[in-house]
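Before any comments, here is the structure.
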Amino acid sequence: MGRAARIHSSEDARRLAKARLPWMVFDYIDGAAGAETGAVRTRAALDDICLEPRILRDVSQRALDVPLFGKTAQRPFGIAPMGMCNLSGPGADLMLARLAARHSVPVGVSTVASTPLEQMIETADGHAWFQLYFTGDNVGSFKLAQRAQDGGYDTLVVTVDVPEVGRRPRELRHGFTMPFRIGPRQFIDFAVHPRWSLTSLAAGRPRMANFEMEGFEFDRTESRAKADWDTLKALRDLWKGKLVVKGVTNTEDALRLRSEGVDAIQVSNHGARQLESAPAPIHALHNIRDAVGPDFPLFYDSGLRSGEDVLKAFDQGANFAFFGRVLQFAIAAAGEEGLHRLWEILSAELSTAMAQTGRVGLT
């Protein structure tokens with residue numbers, strides 16, 4: 001039996017990825033801030049939400065497509081921006097871009113992607129959104145935003161929940177750094193995971209391609225605390241397309257963002273990777289929807305593991321959802337075949353949940 005055939009859920013993908021990846025890489029992808037109680041709380045909040053079964057409704061014809069910024073996405077979920085995806089497997093960035101093209105869903109292209117943003121949007125057949133981190137003086141940030149705009153991106157996702165990078169002890173214990181560096185501890189880790197090492201390291205050291213092309217390095221630990229509402233206004237003036245602000249859990253912040261002219265808000269706690277004590281974002285999503293009203297676009301990420309989770313997010317007010325690390329686990333477990341396998345599983349889980357709750361669509 002091939003590795004992809006052994007995936008029947010996102011947890012299967014995670015289990016297989018854990019066996020295959022070096023400890024350092026797995027803990028970088030899987031880890032969360034502090035003692036990881038925030039990740040537990042995020043997941044528990046999703047688990048506590050029930051879906052109400054309904055009976056004797058004709059649900060034989062179900063549709064998974066939803067409108068998204070004037071277009072039609074074939075699934076109500078896309079691919080969250082994730083940095084250094086190629087650590088999960090050689091060419092992972094481009095696998096995700098091809099998946100986005102195949103299903104007409106957005107792939108978030110991280111500021112710290114391992115593949116240049118121009119190549120990503122070309123491979124995704126235009127279905128790519130650029131994700132921006134503010135930098136210390138914001139000069140590099142605005143240069144990247146302009147470059148993305150010049151490169152054909154029509155949606156910018158600015159992540160605002162990392163004024164300082166959260167401490168994630170699991171990756172710190174392994175000496176994980178960006179840019180990626182290999183020392184004696186990492187060498188031993190790679191040596192005892194030869195399947196990953198032979199394929200991944202042979203493809204070259206993972207890099208932050210967008211910054212290499214700008215001629216400087218991205219310092220992951222650099223403070224981004226200077227960014228404020230004036231910074232956002234300047235970015236809104238620069239960016240001519242759709243502007244999404246990601247990393248919002250506070251209702252007052254959401255209302256101000258709407259008044260500042262952003263086009264959508266992505267409710268998220270960064271997968272509990274930044275502030276351990278942050279609230280469960282699925283609850284924040286419900287509160288923000290009540291505050292902004294029924295028509296303002298709200299997206300959701302954090303903690304999603306199944307198609308049923310997507311349905312729960314829609315029930316709490318989301319218009320679209322994003323999967324993150326589970327897709328990297330699928331790639332680590334079984335390459336591009338594993339990625340497509342998990343994507344179809346997530347789609348089937350959602351479709352089945354819709355049937356069992358009496359729904360034929362999500363709009």
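In this text, all values refer to a predicted model and were calculated from it rather than measured experimentally. The basis for the numbers below is simple: all heavy atoms, side chains too, and nothing from hydrogens, waters or symmetry mates.
No more than 12 heavy atoms of other residues, nucleotides or ligands sit less than 6.0 Å from atom CZ of Arg167. Other residues, nucleotides and ligands contribute only 12 or fewer heavy atoms inside 6.0 Å of the CD atom of Glu122. Summarising the local packing, CZ of Arg54 is surrounded by 12 or fewer heavy atoms from other residues, nucleotides or ligands at distances under 6.0 Å. For Glu337, the CD atom sits in a loose shell: 12 or fewer heavy atoms of surrounding residues, nucleotides or ligands are nearer than 6.0 Å.
Here the straight-line distance linking atom CG of Asp228 with atom CZ of Phe134 works out to 9.0 Å at 0.5 Å rounding. Rounded to the nearest 0.5 angstrom, Gln74 CD and His127 NE2 are separated by 8.0 Å. Rounding to the nearest 0.5 Å gives a distance of 6.5 Å between CG of Leu342 and CD1 of Ile7. Here the straight-line distance linking atom CG of Leu346 with atom OG of Ser9 works out to 9.5 Å at 0.5 Å rounding.
You'll find the side chain of Val360 stays beyond 4.5 Å of the side chain of Gln61, heavy atoms only. Using a 4.5 Å heavy-atom cutoff, the side chains of Val25 and Phe176 are not in contact.
A ring-centre distance under 6.0 Å is found for Trp343 and Phe77. Ring-centre distance between Phe69 and Trp129: below the 6.0 Å cut-off.
Between Arg236 and Asp263 a salt bridge is recorded (basic side-chain N to carboxylate O distance below 4.0 Å). Taking a cutoff of 4.0 Å between a charged side-chain nitrogen and a carboxylate oxygen, Asp309 and Arg43 qualify as a salt bridge. A salt bridge between Asp315 and Lys312 is absent, with no side-chain N of the basic residue lying under 4.0 Å from a carboxylate O of the acidic one.
For the residue pair Arg62/Ser351, the side-chain donor-acceptor check at 3.5 Å is satisfied. Of the N and O atoms on the side chains of Asn269 and Ser302, at least one donor lies less than 3.5 Å from an acceptor on the other residue.
Among Leu339, Ile29, Leu87, the single residue meeting the side-chain contact (heavy atoms from CB on, under 4.5 Å) criterion with Gln328 is Ile29.
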